[in-house]
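Input: a single structure, listed below in structure tokens.
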Number of protein chains: 2
Amino acid sequence: MDEQGPEGRGQRPRGRGLHDRVLESLGPAITAGDYPPGTVLRTDELERRYDVSRTVVREAVRVLESMHLVESRRRVGVTVRPTEEWDVFDPQIIRWRLAGPDRPRQLRSLTALRSAIEPAAAALAAEHATPEQCAELTEHALNMVATSRGQQLPAYLVHDVAFHRVILRASGNEMFARLGDVVAEVLTGRTQHRVMFSDPDPEAVTLHVRVAEAVRAGDAEAAERYTREITVGALRELDILAP
Amino acid sequence: MDEQGPEGRGQRPRGRGLHDRVLESLGPAITAGDYPPGTVLRTDELERRYDVSRTVVREAVRVLESMHLVESRRRVGVTVRPTEEWDVFDPQIIRWRLAGPDRPRQLRSLTALRSAIEPAAAALAAEHATPEQCAELTEHALNMVATSRGQQLPAYLVHDVAFHRVILRASGNEMFARLGDVVAEVLTGRTQHRVMFSDPDPEAVTLHVRVAEAVRAGDAEAAERYTREITVGALRELDILAP
DNA sequence: CCAGCAAATAAGTATGACTTTTAAGTCACG
DNA sequence: CGTGACTTAAAAGTCATACTTATTTGCTGG
């Protein structure tokens, strides 16, 4: 191909590692559907394509394989697996799909997920939240009120995200807590699609305050109910729920 | 150490690959807490421990790293990351933890998760289920009724698991659908801890029939409510919910 | 005491030789 | 023709080694 001097290989790595570079190229390509399920990739082909050694390709393939994105078989090659088998909860896959053409569909899935989880998390938070977490919660809620009017959407978003993170963390359930990033992504994504001039729904803002109060009071039932009202709004926006 | 002849390395692989063997040993060990967060593993140490080459160790480490179980840094080694950073939704990690001393805690987390998801899934299923799926649902529900008395717990479990799988799949949400394995694991785990002579709660059985009816009728509200009653029972069993 | 340089260390990468699995093709026999 | 056993070859899997690069540690001189 192209000679590039005695140094051997071209452009310097730059990233954390070569395998990451391959992964960050192959992963998005597969999840975007550039290589439909059934497509067979051969490692030596990938070596040439990315101009890296077998070592690097194999490491990337191993990771892809652990996500059930591909399957590597002898005498066959690296086969892209059917979509239904992918580890759709893998944060990396979520990230790749959010960055690709599947973004709308992914956002809908994630919204449905968060709408199911958050009310339950709020109920648990009402029973497990520490005083510090309660304080954080009310603080964020008040800040949401303060930034809810006058085109301060970016600032509002920061507190909105923080609020929901605290709820999830305070639930005491490690799996719920892990969904903080997902919720952040959904909330941010929603804001981007909204007209930047429209302020947040005042009722939604009030609901956040109510949730904070309920959690502080240890009222699980109320915390769950108010949170559900918040998430129902999110579902309606995407027509997931019948009006 | 121990000489093993001119062949070079000992016992034949047997598994799908050497890296898997390493993974299936290291993963459980880390998730079980044998190597607490902060522990540093050096690759050449692992090479010797498992009697495999650098290549194999690195591939296993890459996978562990993609799960955020460890972090590999130059001049430092492979460090076990704090528990909060683990990808607790990774099916493999879930499996490892269910097989280890963390099993009870893991089952509680998963039960809370499923209790949050399934009612929402049932509501969506009522709107999206195909006639075939409705048929499957009623069939499994009827089979549950049939096997609910007279120490037929294993048979009952099969239909119970199948029932919940159909609900999750019929929701039309790929992420919900992916939780089928988790629910299966929780249901199975619950049965194991139960006295094998006690038949399932008759009310729970009835609720499954009601859910099937509601889904068939397209009544999302009812499907959600009945499913919630089922999962609330599961929560109470583990004292996650206040009585 | 600190800046900056030097050395040591462990992971990262490349490469070539070899092994193992297995799909696919071949051939003899019914 | 079909069928089953045998052969072949293709591709991943593994290993050993040489070399590169980043980063910590610590030393050294201002």
Side-chain angles (χ1 to χ4, degrees), chain A residues 1-26 30 35 38-66 68-81, chain B residues 1 3-26 35 38-66 68-81:
Chain A
M1 303 293 160
D2 50 350
E3 282 295 305
Q4 47 212 3
E7 249 66 72
R9 294 176 183 267
Q11 331 79 334
R12 55 147 174 273
R14 204 174 84 259
R16 283 197 320 287
L18 289 187
H19 58 92
D20 270 314
R21 222 168 46 74
V22 176
L23 204 59
E24 286 301 319
S25 172
L26 262 184
I30 293 173
Y35 304 104
T39 307
V40 180
L41 309 163
R42 284 192 322 290
T43 53
D44 58 311
E45 174 202 325
L46 295 173
E47 283 176 49
R48 280 195 305 276
R49 171 126 49 107
Y50 292 103
D51 189 33
V52 292
S53 70
R54 273 204 299 302
T55 320
V56 171
V57 170
R58 300 195 87 259
E59 285 170 21
V61 168
R62 274 286 101 72
V63 173
L64 257 18
E65 200 176 26
S66 88
H68 296 99
L69 237 48
V70 302
E71 187 184 3
S72 181
R73 289 179 59 198
R74 277 175 158 145
R75 173 61 210 249
V76 175
V78 177
T79 316
V80 178
R81 300 180 73 167
Chain B
M1 300 291 164
E3 283 294 308
Q4 49 212 5
E7 248 68 71
R9 295 179 183 267
Q11 330 78 335
R12 52 144 174 274
R14 202 175 85 262
R16 283 197 320 286
L18 288 188
H19 59 91
D20 270 315
R21 223 167 45 77
V22 176
L23 203 59
E24 286 300 321
S25 173
L26 262 183
Y35 305 103
T39 306
V40 182
L41 309 162
R42 285 192 322 291
T43 51
D44 58 309
E45 175 203 324
L46 294 173
E47 281 177 50
R48 279 195 304 278
R49 170 125 51 107
Y50 291 103
D51 189 33
V52 293
S53 73
R54 188 95 160 272
T55 319
V56 171
V57 170
R58 300 196 84 260
E59 284 170 21
V61 168
R62 274 287 100 71
V63 173
L64 256 19
E65 198 175 27
S66 88
H68 295 100
L69 238 47
V70 302
E71 187 184 4
S72 178
R73 290 178 57 197
R74 274 175 161 150
R75 174 58 212 248
V76 174
V78 177
T79 316
V80 178
R81 299 179 73 168

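Just so it is clear, the structure is predicted and the values come from calculations on it, not from any experiment.
In this structure, Val78(A) and Val40(A) have side chains that are not in contact, with every pair of non-hydrogen atoms separated by 4.5 Å or more. For the pair Leu69(A)/Leu26(A), no side-chain contact is recorded, criterion being any heavy-atom separation below 4.5 Å from C-beta on.
Partners of Thr79(A) by side chain to side chain donor-acceptor pair (under 3.5 Å), not counting sequence neighbours: none found. By the side chain to side chain donor-acceptor pair (under 3.5 Å) test, Arg62(B) is found to be paired with Glu59(A), Glu65(B), residues two or more places apart in sequence or in another chain being considered. Residues that satisfy the salt bridge (Lys or Arg N to Asp or Glu O under 4.0 Å) test with Glu71(B), not counting sequence neighbours, are absent from this structure.
Screening Ile30(A), Val80(A), Val70(A) for a side chain to side chain contact (heavy atoms under 4.5 Å, CB included) with Thr39(A), the sole residue that qualifies is Val80(A). Each of Val56(B), Asp51(B), Leu23(B) was checked for a side chain to side chain contact (heavy atoms under 4.5 Å, CB included) with Leu18(B), and the lone residue meeting it is Val56(B).
Donor-acceptor pairing under 3.5 Å, judged by distance alone, is present between the side chain of Arg54(B) and the base of dG12(C). Contact of Thr55(A) with dA14(C) (side chain to base): a donor-acceptor pair of N or O atoms is detected under 3.5 Å.
Taking NE2 of His19(A) as the start and OG of Ser66(B) as the end, the distance is 11.0 Å to the nearest 0.5 Å. Between the OG atom in Ser25(A) and the CG atom in Asp20(A) there is a gap of 12.0 Å [rounded to 0.5 Å].
Atom pair Glu71(B):CD and dG12(C):P shows a separation of 11 Å (rounding to whole Å applied). Per the geometry, CZ belonging to Arg58(B) stands 15 Å off C1' belonging to dA16(D), to the nearest Å. When the P atom of dA16(D) is taken as reference, atom CZ of Arg48(B) falls 13 Å away, rounded to whole Å. Nucleotide dT15(C) holds its P atom 12 Å from the CG atom of Leu18(A), rounded to whole Å. With rounding to whole Å, Glu45(B) atom CD is found 10 Å from dA11(C) atom P. When the C1' atom of dA11(D) is taken as reference, atom CZ of Arg16(B) falls 18 Å away, rounded to whole Å. Here the C1' atom of nucleotide dT17(D) and the CG atom of Asp44(B) are 15 Å apart, to the nearest Å. One can place CZ of Arg21(A) at 9 Å from P of dA14(C), the figure rounded to the nearest angstrom.
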The dot-bracket string of DNA chain C, counting Watson-Crick and G-U wobble pairs with both distances under 3.5 Å, using [ ] for crossing pairs and | for pairs to another strand, is ||||||||||||||||||||||||||||||
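Here Thr43(B) reaches the OP1 or OP2 of dA11(C): one of its side-chain N or O atoms lies under 4.0 Å away.
Leu41(B) comes within 4.0 angstrom of sugar-phosphate atoms only, judged by non-hydrogen atoms across all strands, and of no base.
Across all non-hydrogen atoms, the minimal contact from Val52(B) to Arg21(B) is CG1-NH2, 4.2 Å.
For the segment residues 72-80 of chain A, residues with any heavy atom less than 4.0 angstrom from an atom of DNA chain C are, sorted by number, Arg73(A), Arg74(A), Arg75(A), Val76(A). Within a heavy-atom distance below 4.0 Å of DNA chain C, the residues of residues 59-66 of chain B found are Arg62(B).
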Check step by step if side chain to side chain contact (heavy atoms under 4.5 Å, CB included) holds for Leu41(A) and Arg49(A).
-> CA-CA 11 Å; Leu41(A) 309 163; Arg49(A) 171 126 49 107; 4.2 Å; yes
